[in-house]
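A short write-up of the structure that comes next.
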Amino acid sequence: TLEPDEGRDQFDFAWHDANGRYAVQVKSSVNQFTLPDVTRWANALQAARSDEQCKLILLGNFHRKMEGVAAIDDVSIFQKNLDLDGLTNEAAHLLGMFMETHGQYAGTAAQRELGVHSLMGALLQAATHRCNMRPRR
């Protein structure tokens, strides 16, 4: 679910599978992420969760005190540089790995990149309102 009702508006994505329940919040900024800000966001996620495994994904620049911070309480912290071309390339590579793992033809690098752009468009459109996304059969 994108922008789910649960989690007191803290979660951007929520899903469940046979292994558990998960919730993610994504923050991006051209400004530096500082430890006090990240701690405040992680604490808000911690307070909003019930049994979800929570992740806080940060895209941007990081203060040196953020070095090595992988979790705050039960919230996992993922730090990524705000490099949109690099993130697109990484997503295309991971999409190819996912497809191959599931016995699907992964296509060329250019085709995977187009797939990533298509997925980003669908997510942007879906994120304008709360919605459940289900796999098509």
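Scope of the values below: all heavy atoms of this structure, side chains included, with no hydrogens, waters or symmetry mates.
- You'll find the side chain of Val69 reaches within 4.5 Å of the side chain of Leu35, heavy atoms only.
- Using a 4.5 Å heavy-atom cutoff, the side chains of Trp41 and Leu58 are in contact.
- Within a 6.0 Å sphere centred on CE of Met97, other residues, nucleotides and ligands contribute 12 heavy atoms or fewer.
- The environment of Asp85 atom CG is sparse: at most 12 non-hydrogen atoms of other residues, nucleotides or ligands sit within 6.0 angstrom.
- Distance CG/Asn31 to CG/Asn61: 8.5 Å, rounded to 0.5 Å.
- Looking at Gln111, its side chain does come within 3.5 Å of a backbone N or O of Thr108 through a donor-acceptor pair.
- Between Leu95 atom CG and Gln104 atom CD the span is 11.0 Å, to the nearest 0.5 Å.
- Not a single donor-acceptor pair under 3.5 Å links the side chain of Asp73 to the backbone N or O of Val75.
- Residue pairs satisfying the ring pair (Phe, Tyr, Trp, His ring centres under 6.0 Å) criterion with at least one member in residues 53-92, sequence neighbours excluded, are listed as follows: Phe33-Phe62.
- Contact detail for Gln25 and Gln10: the closest heavy-atom pair is NE2-O, 2.9 Å.
- Heavy atoms only, all atoms of each residue included: Ala91 and Val116 are closest at C-CG2, 3.7 Å.
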Notebook entry, point to check: Between Gln53 and Asp74, does a side-chain contact (heavy atoms from CB on, under 4.5 Å) hold up when you go through it step by step?
Noted result: CA-CA 8 Å; Gln53 296 177 40; Asp74 290 330; over 6 Å; no
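- Of the inter-residue distances, the one linking Leu87 atom CG with Leu82 atom CG reads 7.5 Å to the nearest 0.5 angstrom.
- If you take CE on Met66 and CD on Gln79, they are separated by 4.0 Å, rounding to the nearest 0.5 Å.
- A heavy-atom distance below 4.5 Å is found between the side chains of Glu113 and Asn89.
- Atom SG of Cys54 is separated from atom CG of Asp51 by 9.5 Å, given to the nearest 0.5 angstrom.
- Distance CG/Asp83 to CD/Glu90: 9.5 Å, rounded to 0.5 Å.
- Under the 4.5 Å side-chain heavy-atom criterion for Ile, Leu, Val, Met, Phe, Trp and Tyr, Leu84 and Leu114 are members of distinct hydrophobic clusters.
- With no hydrogens or angles considered, a side-chain donor-acceptor pair links Thr34 and Asp37 at under 3.5 Å.
- Here the side chains of Leu56 and Lys27 are in contact, with some heavy-atom distance below 4.5 Å.
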Checklist line | Residues Ser50, Glu52; criterion side chain to side chain donor-acceptor pair (under 3.5 Å); working and verdict | finding: CA-CA 6 Å; Ser50 53; Glu52 297 89 359; 3.2 Å; yes
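- Two residues are said to be in side-chain contact when any heavy atoms from C-beta on lie closer than 4.5 Å; His93 and Phe98 fail this criterion.
- Residues Lys55 and Leu45 come closest through the heavy atom pair O-CD1, 4.0 Å.
- Val26 is connected to Trp15 through a chain of hydrophobic side-chain contacts under 4.5 Å among Ile, Leu, Val, Met, Phe, Trp and Tyr, so both are in one cluster.
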